[in-house]
2 protein chains.
Amino acid sequence: MAVTIRDVAERAGVSVATASRVLTGSRNVSPVLAERVNTAARSLGYRHNAVASALRRGRTNTVGMIVPEIGNPFFPSIVEAVERRLQESGRDLFLCDAQQDVTIERRRARALADRQVDGLIIVPVSATESRATLAEAVQRTPVVQVDRYVEDYPADWVGVNDELGVGLAVEHVVSLGATRIAFVSASLDSSSAQQRYAGFERVVKRHGLPGDTPRLLGTFRAEWGRSAALQMLAEQPLPDAVVCGNDEIAIGLLGEFRRCRIRVPEDVLVTGFDDIRFAQLADPPLTTVRQPGEQLAAECIRLLDARMIDRDLPVQRVAIAPSLVVRESTGGSS
Amino acid sequence: MAVTIRDVAERAGVSVATASRVLTGSRNVSPVLAERVNTAARSLGYRHNAVASALRRGRTNTVGMIVPEIGNPFFPSIVEAVERRLQESGRDLFLCDAQQDVTIERRRARALADRQVDGLIIVPVSATESRATLAEAVQRTPVVQVDRYVEDYPADWVGVNDELGVGLAVEHVVSLGATRIAFVSASLDSSSAQQRYAGFERVVKRHGLPGDTPRLLGTFRAEWGRSAALQMLAEQPLPDAVVCGNDEIAIGLLGEFRRCRIRVPEDVLVTGFDDIRFAQLADPPLTTVRQPGEQLAAECIRLLDARMIDRDLPVQRVAIAPSLVVRESTGGSS
DNA sequence: CACCTATGGGTAAACGTTTACCCCTTCTCG
DNA sequence: CGAGAAGGGGTAAACGTTTACCCATAGGTG
């Protein structure tokens, strides 16, 4: 049997109340008793039972987070930043992976809520199919959406302005003289995919560029980038530039172009989105839209804390402006 | 106030015991009462309180996992596989990131143990500095080490035979005629780094190859691969082959070589380790040692379950043989 | 019919904390 | 010197489940 606070109190010759007060620092206790309790705890090897504590207090000092797919390298970067922030306030993060599946996402959300997390950070899998899960979670605990959001549901969100971000990429290749611009991204399930697509169309239209260039929508994976590349190669002529929905797609695309001896940026310009770790290691290094991970994380925790204090706060949606990072895939300087 | 099992029982006109028995299926209850309980629960929107349940039963149906750094793409692949396995038995995974810091690692381990996880899966940050954390965790809950292990401490482990794996890579480049072989990896903090280094030295020695080629030990990061590349370029002549401690390093190295117009595989052969998602997208596609993630995960859960059943089982250490994946960075086909 | 067992139900005691409430002592100040 | 406040201690009641234990009934068996 594990050693409980009762054992500690007994050994220290005080009541459990006093022991608890010393151990949690919830009230002043005379130094001599405090010392006795501490040594008793240490010598017995006392370990706080967080489950019992959570049951009594109704708080766990734990935040849950659900990402669509931990294997997508953009998400770990956010997770790391969030974790660092939480650490500052002594809270722990429990991370779950939805495996791109709204059913699993719902299970995870329930598992976290069942365990009474103090808040939930979620990157919803789908703009529509995740709505029920989000709604249920919001009933139970403070929730903040990051990066992606569920459409037509009022809940806090913080992310980058995707629409604007892709706009930056398009403007950039246009300024380099591209007129026939293709777009390769994921199908419009998630808000990110939707917004990025919208951003592309908006700027293309604004410049009066041809609308018959390829718009290929698959998944946010490198494999999709590869097959999209093959598809474009099959239906010549090649566009002047390919704007990709994220870096993974762009990297897959670059790999296939390379294999087929298409030169980037000489034959075609390529841009990505996210600025993941490997973007600068791609061949050629990838011009991309950077998401400021630290800033997203900071804002996310701020929103979550605000909502924890007041559940009835008006819904907040924070869109951070992304920035373009020019590298060699669009001929940028080294 | 949330709706409790007491409310459900009342609404259904049964005792809390019966309600609990229906809801958990722990004992037979007459169909008519069961139905009443279920409808009552549904209509009240009853939600199981996992914290209270955990306190009473002493089990949480939750497994904790700690990885050194979620940003290292090898770990997410293991996490995904582990999560899929756990799902089959209806358990949830709580994932924590140690940020490559044994202090944080300890905090995470304690946080998980405090929350009474039923078991802990850990990839220890350090072969020596993580020992105390591991020892403490083992006292509290079943633990399995994956991939890396703590030295001189008897605890279950499952991983790949790193020593053998690097051996495969060295044998491969030797068979292609390389005699001057460099090794770029991480400093010998972790068991992986140690074993991989040992594998390199063993095979190099066995073939009587020169021992004065570079052995550069830094971190498991791409940036280190870059600077190692620069270092080798500074002290000509270039080796015939560079065997890297993981894929990230190799990818960084490839990037720098490319920038400096060193051709791979014509001027120098390069190999990696892990076979992460990006290995085949590198330029050129990377020859590497594949870690069988699914198999690791399966074995890991098997060990954990065995240990949960019997804490006094003899310690098990399962080393899985890795396999070499030949790609173009050593002139491989395709 | 007497007895034994199986079945399904309820009561209430845990699980380990935290904290509302109460009490006693000591100090402050008019 | 008395009233009031402040400080520090204890008792015991929560928190929401699960389950050991008990009881009543029904059915089976000699």
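Remember, it's a predicted structure, so these values are computed and weren't measured experimentally. Numbered from 1 within each chain, the chains take letters A, B, ... in sequence-line order.
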Trainee: If you measure only the distance, is there a donor-acceptor pair under 3.5 Å linking the side chains of A:Ser89 and A:Arg91?
Mentor: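 There is such a pair between these side chains.
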Trainee: Output the single nucleotide from D:dA12, D:dT19, D:dG8 whose closest atom is nearest the side chain of A:Asn28.
Mentor: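 Given the options D:dA12, D:dT19, D:dG8, the side chain of A:Asn28 is closest to D:dG8.
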Trainee: Under 4.5 Å between any side-chain heavy atoms of A:Ile70 and A:Pro76, yes or no?
Mentor: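 With C-beta onward as the side chain, the pair touches.
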Trainee: Where do A:Val318 and A:Leu303 land on the side-chain contact (heavy atoms from CB on, under 4.5 Å) test, with the steps shown first?
Mentor: CA-CA 9 Å; A:Val318 180; A:Leu303 287 189; 4.1 Å; yes
Trainee: Could you give the CZ-to-C1' distance, from A:Arg59 to C:dG16, as a whole number of Å?
Mentor: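 Atom-to-atom, A:Arg59 to C:dG16, this comes out as 17 Å.
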Trainee: With a 4.0 Å limit, can you tell me whether A:Ser20 has a side-chain N or O closer than that to the phosphate oxygens OP1/OP2 of C:dT17?
Mentor: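 No, outside the criterion.
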Trainee: Give a yes/no answer on whether the side chain of A:Ser15 brings an N or O atom under 4.0 Å of OP1 or OP2 in D:dG9.
Mentor: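 The answer is no; no side-chain N or O of A:Ser15 sits under 4.0 Å from OP1 or OP2.
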Trainee: Ignoring hydrogens and geometry beyond distance, is a side-chain donor-acceptor pair present between B:Gln194 and B:Arg148 at under 3.5 Å?
Mentor: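 No donor-acceptor contact under 3.5 Å links the two side chains.
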Trainee: Which pairs with one or both residues in residues 54-64 of chain A pass side chain to side chain donor-acceptor pair (under 3.5 Å), sequence neighbours excluded?
Mentor: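 As it turns out, the side chain to side chain donor-acceptor pair (under 3.5 Å) pairs with a partner in residues 54-64 of chain A, which skip direct neighbours, are A:Thr60-A:Asp118, A:Thr62-B:Arg115.
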Trainee: Are any of the side-chain heavy atoms of B:Val102 and B:Thr133 separated by less than 4.5 Å?
Mentor: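 SC-SC contact between B:Val102 and B:Thr133 ruled out.
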Trainee: If I take atom CD in residue A:Gln116 and atom P in nucleotide D:dC15, what distance separates them, rounded to the nearest angstrom?
Mentor: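 It is 13 Å, rounded to the nearest whole Å.
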Trainee: Which of the following nucleotides, C:dT19, D:dG10, C:dG10, is nearest to the side chain of B:Ala17?
Mentor: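 The answer is C:dG10, which lies nearest to the side chain.
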Trainee: Of all of residues 42-56 of chain A, which get a heavy atom below 4.0 angstrom from DNA chain C, listed by number?
Mentor: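 The answer is A:Tyr46, A:Arg47, A:His48, A:Asn49, A:Ala52, A:Ser53, A:Arg56.
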Trainee: Out of C:dT17, D:dG10, C:dG9, which nucleotide sits closest to the side chain of A:Ile5?
Mentor: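 Selected nucleotide (nearest to the side chain): C:dT17.
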